[in-house]
Structures are given as structure tokens and as C-alpha cells.
Colleague: 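Let me give you the structure first, and then I'll get to my questions.
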Amino acid sequence: MRLVFEQAHRRFPHSRGAPYRSGNLMLHGWHISRIPTAIDNQMSDKTRSASAPVVRFAPSPTGFLHIGGARTALFNWLYAKGRGGTLLLRIEDTDHERNSTEAVAAIIDGLKWLELDWHGEPVSQFAQVHRHCAVADELLKDGHAYRCYLTPAELDQMRKTAEAEKRPLAIRSPWRDRDPKEAPADAPYVIRLKTPGEGETIIDDKVQGRVVFPNKDLDDFIIVRSDGNPTYNLAVVVDDHDMGVTHVIRGVDHLTNAARQLQVYKAMDWDVPVFAHVPLIHGPDGAKLSKRHGALGIEAYREMGFLPSALRNHLVRLGWSHGNDEIISTGQMIDWFDFDAIGRSPGRFDFAKLEDLNGHYIKSADDLELMQRLEDILPYVENGAEILERLDANTRAKLMAAIPSLRERAKTLKELLEGARYLFAERPIALDDKAAKLLDGADARKRLSALLPKLEAITSWEAPRLEETVRAFAEIEGAKLGKVAQPLRAALTGRSVSPPVFDVMAVLGREEALARIRDQAN
RNA sequence: GCCCCGUUCGUCUAGUGGCCUAGGACGCCGGCCUCUCACGCCGGUAACAGGGGUUCGACUCCCCUACGGGGCGCCA
């Protein structure tokens, strides 16, 4: 399938006049499709109410879905869901050299895991080159753009001069007003947009407010490269327009692009979408997210044992608020989310808070869902393979039975699994240092021996009955419950920490529990 | 360097001129509960970057400075 995608890229060389492409691409089981034609749009327009927003999430497939992208996707999704709108997914793959099909798969996988759905098939921006070029030609024809024959060396010189004079570089090519007939034959050229040069470009941003850019600072940016490929700033505008996008919600790093893109909208006389540029997310130290810290792929969070609901909750609270609400269900998010409550300053990703949130969601999750998620991450966690090996009908039932007591003390699925290890341990179970110490005292093992017959006499092996028995025993012994319960815990789990011992015994089952106690009694 | 944006407890934030001796959450510290660990509960620590204005009154409005961030590609 990957081949198909690569082939398609090859089939449409980056030169003018490549054949128009139709049909869809398949990749990792996902269709990457063309933007529907105008006729298709008319059809789907009927199903959309006039006021319902159309938003899009447009990641570039240069890597995995990172946390900032995930939040952008979430904001778009929430905005659409809350208003009966549509979320579209477009892969910005025009820079074929830096793209990878693995990245597309990772992004799609990440979105699916986060449970963010979109409408239709993901769209490949690259598949639209011809349309982008057609628009560029139109711009050229109408005099809104021009061919520029400036060489890299000349550009470099301009840059240096600007720097020396300490003024910003705003390229206004001499070719802007030159007669095209003077153009050197066969020389490579780029197509630049003829921008106003004077006045102001105003972005009325839903988050950033009214942002004014002096046009003198906006240069005649390139819309088509010398190899005939359209650039990003042209492609987004054309695609957003063709896809009927009404609201562009993306990171602030695109704010200055919005000013440039606005020039394209104006030149084409197209409706301008509503812009909302949301602040970025920083790493724990306040610095920009980098690969070293913070900028993990979304799948890393899954492997750390976080629930998508918890991640969504944390993500939405980063930069957006609804009064003092902290734990916000997806339904509430959808109802409440709007631009006016988005702040303008960047937030930091806080693992401690995510863990706390995750703990809440683990507590309230459905047993079956939890079980499923647990099994899902088994391949990725330490000792997971071991557990996976021993997971059969019997152990699965035990795990299921233990979940209520385990979930209370776990902040992540990983911790939950860690707490469940006693279920999978094989006799004689190994004691950790603290557990060994609990059984070290002169009385501990003796007590276990004395307790054994009482436990063996129990007919209904259930937590309340077990507790009753042990408590009565402790009383007769004149010992505090802890003096009996702790050695018991050590014998049953090999550790000093576990869910309540009576629950442990119940979950383990009569035979296994008694056998473990016998192993440690003298 | 130039352009744009920001700055409330350690962190995420509430706050839209008087309700603020600034509230919540996470974290941290203490206590209670207790068979361990958690949970839960109670209590504590801790912030309006600095300086000028405007106003009867500024966390809230304006200006400057400092600091932080983003952008300034034939990347997206």
C-alpha cells in the first residue's frame, strides 16, 4: 500500500503540466483522497446546515502526532461537535521529501486513539497540485502574481544588505514591474504574489484579537517554486476554500501566515474564513517542546498508561477554561467549548496533573473498558509480555475480579498492572525486601501457622467472612490487626503494599490463597 | 535585528474597574481515617513581573521597561 502512495508521488512529477489526477490513494488501509469536485460539494452541501461550521485539522506528516497537534485537533473537533459542524482531515504532504507514510499512519492512529473522528477520508494536499497550479495561473493571468527570475545569489545579497541596514527583509522583486518579455529564456523562475506593499493587513482573530500587520513588512511571497510546485501558503488557501472551510483553528505559529494567506483570498476574491490561532504548549521547563522533553508522540501517552479521556481533559484545560471546572466530561467539553475562553499565553504540559486526572478517569471507567485498555497496552509495558503469556480464562477472570480494588490505587494503567502482579505470580512467590522483613519477626510465621486452620475452616470464601475470621483471630492473639494482616499480605503478594488483604484472598481463590500462606507458615 | 503575541501561587487557571485582606485544581507540607498503599476528609504553604499614568477606586484600561514565546524559507 505504501508503494501505491509513493508511486502516486512519482507519477505526478513536480513540474507544470503533470496530468490531472483522479481516484483515491490507499495507504495503511486509509484512503487519502482528492478533494471532491464542485459537484460533490453541492451534494454534500445539502446535508449541511448553512450555519454549521466546517473546520479542519491539517497536520504535516513529518513525524508523529505530538501533543500540540493533538490539542489543535481536539479544539477543532470540539468546535465542530458543539455546533453540528464538520471536521475534515487534510494531510499537508506537499513537501514530499520530508514526508513519510509512517507518519500519516501514526497521526491517524493517534487521532483514533484519542477518539477524535472526522468526516470522510483524509485528504492529501499533494493530490491537489494541479488545482493549486491552476489557481496560480489564474493569479498570474489576472496580474495578481508575477514570474520572478531572481537567483538564489541575488536573494542572498538582498538578505545581507537588509541585515547590514538593520531593516526587515521584505522581498519586492524587480521582476514585479518588469516587462515579462525581458525574461531570460529557459531560466528558472518562481511565481510571487503581488502584495499591496502599503496599508495594513488585519487579521480579526477569534483568540488573538485584532492583529495588524503593516503591509510593507509582508513581502511578495512565493506561491509556486521554481520546480513548479505550489508552496504551503498557496496550497492551504486553495484547499481551505475548495473544502468549504469556514473556521481555521491552528497554532499561533501560523499567525503571520494568516496575514499572507489573506492576500491570496483577496486576490482570488474568496470568502475569508474565521481565524482562531491558539497558543502553543511548552515543555515542563517553559521552553519550546522538543524531542528531548515533552514532544512525545501521542502513542507514548498510551504506553504510559493514560486514558484518552484523561488526556483530552488535560489538553482542553491547557489554554481553555470553564470557570473553576477541572474534571470535564467530553459531553460538557463539547457543550462548553468556545473561543472566548481560550487564553493567549502558552501553557506547560504537567504530568502530575495528567496523572491525577487519569486517576479520576480510571476510577470511573467501566470495568470492561478498563480490562480492554489494560490488554491493549500489555505489549508495550514492562513485564507486560509475561502477563500476556499467563493471561487465560482463569487469570483474566481474576484480573477482572481484582479491578475494583486495584483501580482505587492506580493513577495509570501501568500502575494498575503493576498492582496486579500478585495475580500472575507463581508459587512459591518471591518476596521483596519489605515483604521478607514482615515475615522475619519471630511471631509472624508462627501466627500464620496458627491462623491457617481457621481459614481452612471457612466455607464461603468471601472477603467479609475472611475479614471476620482474621479479626477474631487477632483479638484472641491480643495483637493489632496489622500484626496479622501485614505478614498475611507479604505471604499472599510478596509485597508490603497491595489492595486490602481480604480482597486479595478472595480474588486469589481459596486454594491458591491457602497454598501461598502455607508456603510462608512454618 | 525587525514584526506580532504574552506575563495572576512551582504548574494549569478563575478574575472583564469596586464582590479580591485575589478563588479553584494539581503539586508540596502537616493532621485525621486506617490491615499496607491509595482514596477521602481537615488544615497549611504559595501569585497579580517592575515602573509610570487614567480613575473616587485598578489584577482588570493606557504607556514604558524587563522577561518569555512565535514568526521573519523555493518547510509546513
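Chain letters run A, B, ... following the sequence lines, proteins first and then strands; every chain starts at 1.
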Colleague: Please state whether the phosphate of rA14(B), meaning OP1 or OP2, lies under 4.0 angstrom from any side-chain nitrogen or oxygen of Ser321(A).
Modeller: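 The answer is yes; a side-chain N or O of Ser321(A) sits under 4.0 Å from OP1 or OP2.
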
Colleague: Whether the side chain of Arg489(A) and the base of rC35(B) hold a donor-acceptor pair under 3.5 Å is what I'd like checked.
Modeller: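 Yes.
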
Colleague: Would you mind telling me which residue lines up with the more 5' stretch of RNA chain B, Ala410(A) or Trp320(A), judged by nearest nucleotide?
Modeller: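 It is Trp320(A) whose nearest nucleotide is closer to the 5' end.
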
Colleague: Please give the nucleotide sitting opposite rA49(B) as a Watson-Crick or G-U wobble pair, both distances under 3.5 Å, or none.
Modeller: rU65(B)

Colleague: I'd like to know if Asn324(A) reaches the base of rG23(B) with its side chain, counting only an N/O donor and acceptor under 3.5 Å.
Modeller: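 By the distance-only test, yes, there is a pair.
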
Colleague: Could one point to a donor on the side chain of Ser226(A) or the base of rC74(B) with an acceptor on the other under 3.5 Å away?
Modeller: yes

Colleague: Output yes when at least one side-chain N/O atom of Arg317(A) is less than 4.0 Å from OP1 or OP2 of rA25(B), else no.
Modeller: no

Colleague: For Glu326(A), report the nucleic acid contact type (base, sugar-phosphate, nothing); a contact means any heavy atom under 4.0 Å.
Modeller: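 Contact class for Glu326(A): base.
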
Colleague: Reckon Phe221(A) touches a base, only the sugar-phosphate, or nothing at all at heavy-atom distances under 4.0 Å?
Modeller: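 The residue Phe221(A) makes no contact with any strand.
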
Colleague: rA76(B), OP1 or OP2 - any side-chain N/O from Thr94(A) closer than 4.0 Å?
Modeller: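 Yes, within the criterion.
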
Colleague: Expressed as a whole number of angstroms, how long is the span from Leu218(A):CG to rG71(B):C1'?
Modeller: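 So the CG-C1' distance, Leu218(A) to rG71(B), works out to 11 Å.
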
Colleague: Identify whether a stacking contact exists between His254(A) and rA76(B), where the ring centres must be under 5.5 Å apart and the planes under 30° apart.
Modeller: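 According to the criterion (under 5.5 Å, under 30°), yes, His254(A) stacks.
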
Colleague: Would you find a donor on one side and an acceptor on the other, under 3.5 Å apart, between the side chain of Trp118(A) and the backbone of Arg56(A)?
Modeller: no

Colleague: Which value, in whole Å, describes the distance between the P atoms of nucleotides rA22(B) and rC9(B)?
Modeller: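 14 Å, rounded to whole Å.
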
Colleague: Between rA14(B) atom P and Ile327(A) atom CD1, what is the distance in whole Å?
Modeller: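 Going from Ile327(A) (CD1) to rA14(B) (P), I get 18 Å.
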
Colleague: When rounded to the nearest 0.5 angstrom, what distance separates CG in Leu218(A) from OG1 in Thr256(A)?
Modeller: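 Going from CG on Leu218(A) over to OG1 on Thr256(A), the span is 8.5 Å.
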
Colleague: Under 3.5 Å, is there any donor-acceptor pair linking the side chain of Arg409(A) to the base of rC37(B)?
Modeller: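 Counting by modelled atom types and ignoring angles, a donor-acceptor contact under 3.5 Å is found here.
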
Colleague: What about Asn257(A): does its side chain form a donor-acceptor pair under 3.5 Å with the base of rA76(B)?
Modeller: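 Such a pair is found, so the answer is yes.
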
Colleague: Between rG43(B) and rC48(B), how far is it from one C1' atom to the other, in whole Å?
Modeller: 25 Å

Colleague: Need one value for Gly343(A): base, sugar-phosphate or nothing, where a base atom within 4.0 Å counts as base even if backbone is also close, heavy atoms only.
Modeller: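 If one applies the 4.0 Å heavy-atom cut-off, Gly343(A) turns out to touch nothing in the nucleic acid.
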
Colleague: Taking rC56(B) as the reference, what is the distance to rC4(B) when you measure between their C1' atoms (whole Å, please)?
Modeller: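 Looking at atom C1' only, rC4(B) and rC56(B) are 37 Å apart.
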
Colleague: For rA46(B) and rG51(B), measure between their C1' atoms and round to the nearest Å.
Modeller: 25 Å

Colleague: Is the side chain of Asp220(A) donor-acceptor paired with the backbone N or O of Arg192(A) at a distance under 3.5 Å, no angle test?
Modeller: no

Colleague: Pick the C1' atom in rG52(B) and in rG73(B), then give their distance to the nearest Å.
Modeller: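 Result for the C1' pair: 41 Å, nearest Å.
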
Colleague: Taking any heavy-atom pair under 4.0 Å as a contact, classify Val252(A): base, sugar-phosphate, or nothing.
Modeller: sugar-phosphate

Colleague: rU16(B) P sits how many Å from Asp338(A) CG, rounded?
Modeller: 18 Å

Colleague: Provide the distance between the two P atoms, one in rC62(B) and one in rU7(B), to the nearest whole Å.
Modeller: 12 Å

Colleague: Remember a base hit wins even if backbone is also touched, and classify Leu255(A) as base, sugar-phosphate or nothing at under 4.0 Å, heavy atoms.
Modeller: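 Sugar-phosphate, no base atom in range.
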
Colleague: Is there, by distance only and without an angle test, a donor paired with an acceptor across the side chain of Lys411(A) and the base of rA38(B) below 3.5 Å?
Modeller: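 Such a pair does not exist between side chain and base.
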
